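As structure tokens, the structure follows; a few thoughts come after it.
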Amino acid sequence: FTPAELVAVRADFPLLGRTVRDGKRLVYLDSAATSQKPQVVLDTEVDFYEQRNAAVHRGAHALAEEATEAFEHARQQVAALVGTDVGEIVWTPGATTGINLVATGIQHATLGRGGEAAERFRVGPGDEILVTEAEHHSNLVPWQELAARTGATLRWIPVGDDGRLDLSGLEAAGGTTGSGAGRADDDGRGGAGLINERTRVVAFAHVSNVTGAVAPVSRIVAAARRVGALTVLDACQSVPHRPVDLHALGVDFAVFSAHKTLGPTGVGALYGRRELLEALPPVTTGGSMVEVVTMEGTTFAPPPLKFEAGTQMVAQAVGFGAAADYLRELGMDAVCAHEAELATELLRIAEIPGVRVIGPATVGTLGQDAGPEAGLPDRVAAVSFVVDGVHAHDVGQVLDDAGIAVRVGHHCAQPLHRRFGIAATARASASVYTTVDEVTAFREALAGVRAFFGAE
Ligand code: PMP
């Protein structure tokens, strides 16, 4: 963005104008947890309630038609942001629910629901589900549960010292599973790669919410395809920050959340390839997701409605649509370039004595092997760090006293923190509205933290 463009962007976000802690200007560096919302999103939601509110998909009156139109238009806006067909976007309350929908749908298929069409989803003893050591709990616990309920084995791609996935054991060629590559019940069948003919599902984050590292999606998807495994992409930390074309990436399912994408809370999206959404059994059943209901049984509506039982979060979905359009109008290439500059500025905290960054130390560019992502940055502007001799919560508190909002804790990624031998980190993360000036203020405040606690 030009300086003038960035001033205009900031002016779109009313909350950024407020002060905190006795009049200090707010420096909001917690956008990876949740982003702020532009006025157009707030206006769109209010306008929906003021002018269009009605039950969608059923009423035979003008308001119901307008509400339905707004709701379905939002689906088009969100589909356009991520390069999918409109019918491939299912509204969910958030990314977590979307992942659970897929994992539990697979369990239902395994129980025989969905018949022959759903056979491709079945998992059982001897099958493997692959995740990574870097996952947010939301993309780990549902797969642990699926494994426990079906008798399948959970394996994971390890994380290297640089915070990136260690793919050395991904496929069988080398004959090793890679150091630290885990399986809960290693029975000596090692030798097969982490992705092998037993792999049924590969679920992984596009971008880690802790390290900011971008996963090699193309390579993982290609390996999964070779063995017929389903891919599930957690795109929570990519969709708000870079161009994402889910068709080009070739994943089978993907999830993301509106509230991290300049949109409202309470809504997210699940993408599924059309034929997979058609075959996957629904999990939540009831009103609105049916075709014909008799006392003996029910036929389901086609997707996406099959997965949208009950009254939906209509106003929030409409707000999400406005957020998607806002981002597309800024241009995701411009957003990505702006945030790459912020990432570089954030990473300069490593120059402060006693500060250690957990994750890639620099911003590089993805090479040709990244396929559709070639030329994009290899990390985003979410930087987790530890300060020697000072607990992350104390770091957060000193920064907060200066009006600077960062996140502290394990960021819902305990295994990744355990991998680095630490209980907690502080994380500073940026968004479209973040300025270099704010990052400088953060670095200056951070430079004083160790002295404050007498740690130097
Ligand atoms: N995955 C990642 C990588 C995330 O950062 C988050 C949110 N912290 C989630 C999943 C969960 O998203 P939600 O809470 O919106 O369901």
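Both counts, for ligands and for their atoms, begin at 1 and track the order of listing. Since this is a predicted model, take the numbers as computed values, not measurements.
Closest to atom 4 (C) of ligand 1 among all protein heavy atoms lies His136 CD2, 3.3 Å. Regarding atom 5 (O) of ligand 1, its nearest protein heavy-atom neighbour is Gln237 NE2, 2.7 Å. Nearest protein neighbour of atom 15 (O) of ligand 1, counting heavy atoms only, is Ser257 OG, 2.5 Å. For atom 16 (O) of ligand 1, the nearest protein heavy atom (residue, atom name, distance) is Thr96 OG1, 2.6 Å.
Ligand 1 has a nitrogen or oxygen under 3.5 angstrom from a nitrogen or oxygen of Ala95.
Residue-ligand proximity, Ser138 to ligand 1, at heavy-atom distances under 4.0 Å covers atoms 10 (C), 11 (C).
Heavy atoms from other residues, nucleotides or ligands lying under 6.0 Å from CD of Gln39 number more than 12. Around atom CD of Gln397, no more than 12 heavy atoms belonging to other residues, nucleotides or ligands sit under 6.0 Å away. Within a 6.0 Å radius of CZ in Arg21, no more than 12 heavy atoms belonging to other residues, nucleotides or ligands are found.
Contacts between His411 and ligand 1 below 4.0 angstrom, taking non-hydrogen atoms only, are absent altogether.
Residue contact check for ligand 1: Lys260 places a non-hydrogen atom closer than 4.0 Å to it. Contact between Asp234 and ligand 1 is present, with at least one heavy atom of the residue lying under 4.0 Å from the ligand.
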Can you check salt bridge (charged side-chain N to carboxylate O under 4.0 Å, His left out) on Glu275 and Arg120, steps first, answer last? CA-CA 11 Å; Glu275 67 270 27; Arg120 65 201 301 174; 5.2 Å; no

Could you walk me through whether Leu262 and Ser431 pass side chain to side chain contact (heavy atoms under 4.5 Å, CB included), step by step? CA-CA 9 Å; Leu262 315 185; Ser431 184; 3.9 Å; yes

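Geometric assessment of Arg10 against the ring of Phe13 yields a negative cation-pi assignment under the 6.0 Å and 45° thresholds.
Between the Thr44 side chain and the Gly319 main chain, no donor and acceptor come within less than 3.5 Å of each other.
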